[in-house]
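Note on naming: letters A, B, ... go to the chains in the order of the sequence lines (proteins, then strands), and numbering restarts at 1 for each one.
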Amino acid sequence: MSMRMQHERGFALLDTTLDPMRLREQLQHDRAGAFACFEGWVRDHNDGRAVLGLRYEAYRGMAEREGARVVEEARARFDICDAHCVHRVGDLAIGDMAVWVGVSAAHRGAAFDACRYIIDTIKDRVPIWKHERYADGDAGWLHPAADPRAVTR
Amino acid sequence: MSMRMQHERGFALLDTTLDPMRLREQLQHDRAGAFACFEGWVRDHNDGRAVLGLRYEAYRGMAEREGARVVEEARARFDICDAHCVHRVGDLAIGDMAVWVGVSAAHRGAAFDACRYIIDTIKDRVPIWKHERYADGDAGWLHPAADPRAVTR
Amino acid sequence: MNEVHLLYFASLRDAAGVDAERVRTAAPDLAALYAEQQARHGFALPLARLRVAVDGAFARWDEPVRSGCEIAFIPPVSGG
Amino acid sequence: MNEVHLLYFASLRDAAGVDAERVRTAAPDLAALYAEQQARHGFALPLARLRVAVDGAFARWDEPVRSGCEIAFIPPVSGG
């Protein structure tokens, strides 16, 4: 049953507001006792600078394929019922949700581990870039140095 | 600011349906870039037996104090903005939410770690008991042997 | 003799048939008090699997029984 | 000479002034192709900080340049 109910594609890019309740409902299964979820919110600061807002840009076709592959990897590696991730593109304001990851599983260990794996790997590997606007008038693309904790390919 | 906005009491017992959207909103802060959340759902099976429904009972005063202490410990140990946990008491059906844990933080590592700490410790230490009704007509209290992975006091 | 207020939860309450009772006891510590009530009510759970709380806070089994306390034997919990 | 379709994202696009272009190149592999475009557009990011994708899938820098491909130089990503 769970295989049939899994989303064909576990990842989507959206240019409209994310709705956590609808996303969450898609992962409900009677055999799921645990649900772990991660949301990335637009912070008002980054590296000590006040942030006014930001924009996400993606290499759309590739981001959709790589994102779906990351979610498939999580489904294969962890004993979970289902998993899903959506990522915003376009302009976002402070407090907006940039990314949502949800995982349902029979037990909480697998739900947490898969959720963490997905967000870590999305951040490492999916071609999406953040452009921040700062209170001091400056703006720029973020091209972070590799995070040593990130899961590498 | 974050200290002022933190809930006086980070834990509550409720005998009505939990509303994840309302709970989530209480943890929003402009300086929070990460939100990790855990929900426990009533599964249709446990240890290979089909479950029809269940009931949670608590030693109310003590559960509220111990639960609040667990959330305070998470706030002290991890670099987070805020954390909150609510737990149901009374009768629940398959798919109902039994427990909700939410943590907001500047960065995701602390949000995940604190969320995991809270649910592990709640399950280990807070005086709440589950009574399950099975499809075979049997019913009983769950008094699990200590989980070797659980955080001990 | 001390008089204490005992609380029973979950399977202990089912076995005792009451959720609370006032008892007079000569038990010197909380472990002896549980042994006494276990014999009286036929509790299946051994002391090693329980915790004990006095006035709503976890306590040690070797603490003395004090009159007027609220004492709860805490079976393995199963919340979450 | 091979003709390829190049895609630029984020700071590379800002530096190139275009998000895509068709170029004819004699570069034998993808690393040489980046060096060529880096010199032409003044890209600040060294090759060591980039990944490269061919037709929407990650590729190795030592792969040959094939005519008709869509090639994207991938600056360090910052989604999530």
Nearest 0.5 angstrom please: A:Glu39 CD to B:Leu27 CG, how far?
10.0 Å
Would the number of heavy atoms belonging to other residues, nucleotides or ligands and lying under 6.0 Å from CG of B:Asp19 be above 12?
yes
Quick one: which of B:Pro20, B:Ala32, B:Ala34 has the most heavy-atom pairs under 4.5 Å with chain A, could you say?
B:Ala32
Any side-chain heavy-atom pair of A:Arg31 and B:Ile94 under 4.5 Å:
no
Report yes if the side chains of A:Arg43 and B:His29 come closer than 4.5 Å at any heavy-atom pair, otherwise no.
no
Looking only at A:His45, A:Arg24, A:Met97, most heavy-atom pairs under 4.5 Å shared with chain B are made by A:Arg24
Can you establish whether the number of heavy atoms outside B:Asp47 located under 6.0 Å from its atom CG is more than 12?
no
Taking the six-membered ring for Trp, is the centroid-to-centroid distance between B:Phe112 and A:Phe38 below 6.0 Å?
yes
Would you say that B:Asp30 contacts A:Trp41 through its side chain, given a criterion of any heavy-atom pair below 4.5 Å between the two side chains?
no
Taking the side chain as every heavy atom from C-beta outward, state whether B:Arg116 and A:Asp113 have any pair of such atoms under 4.5 Å apart.
yes
If you tally heavy-atom pairs under 4.5 Å against chain B, which of A:Ala106, A:Gly95, A:Ala111, A:Gly40 wins?
A:Ala106
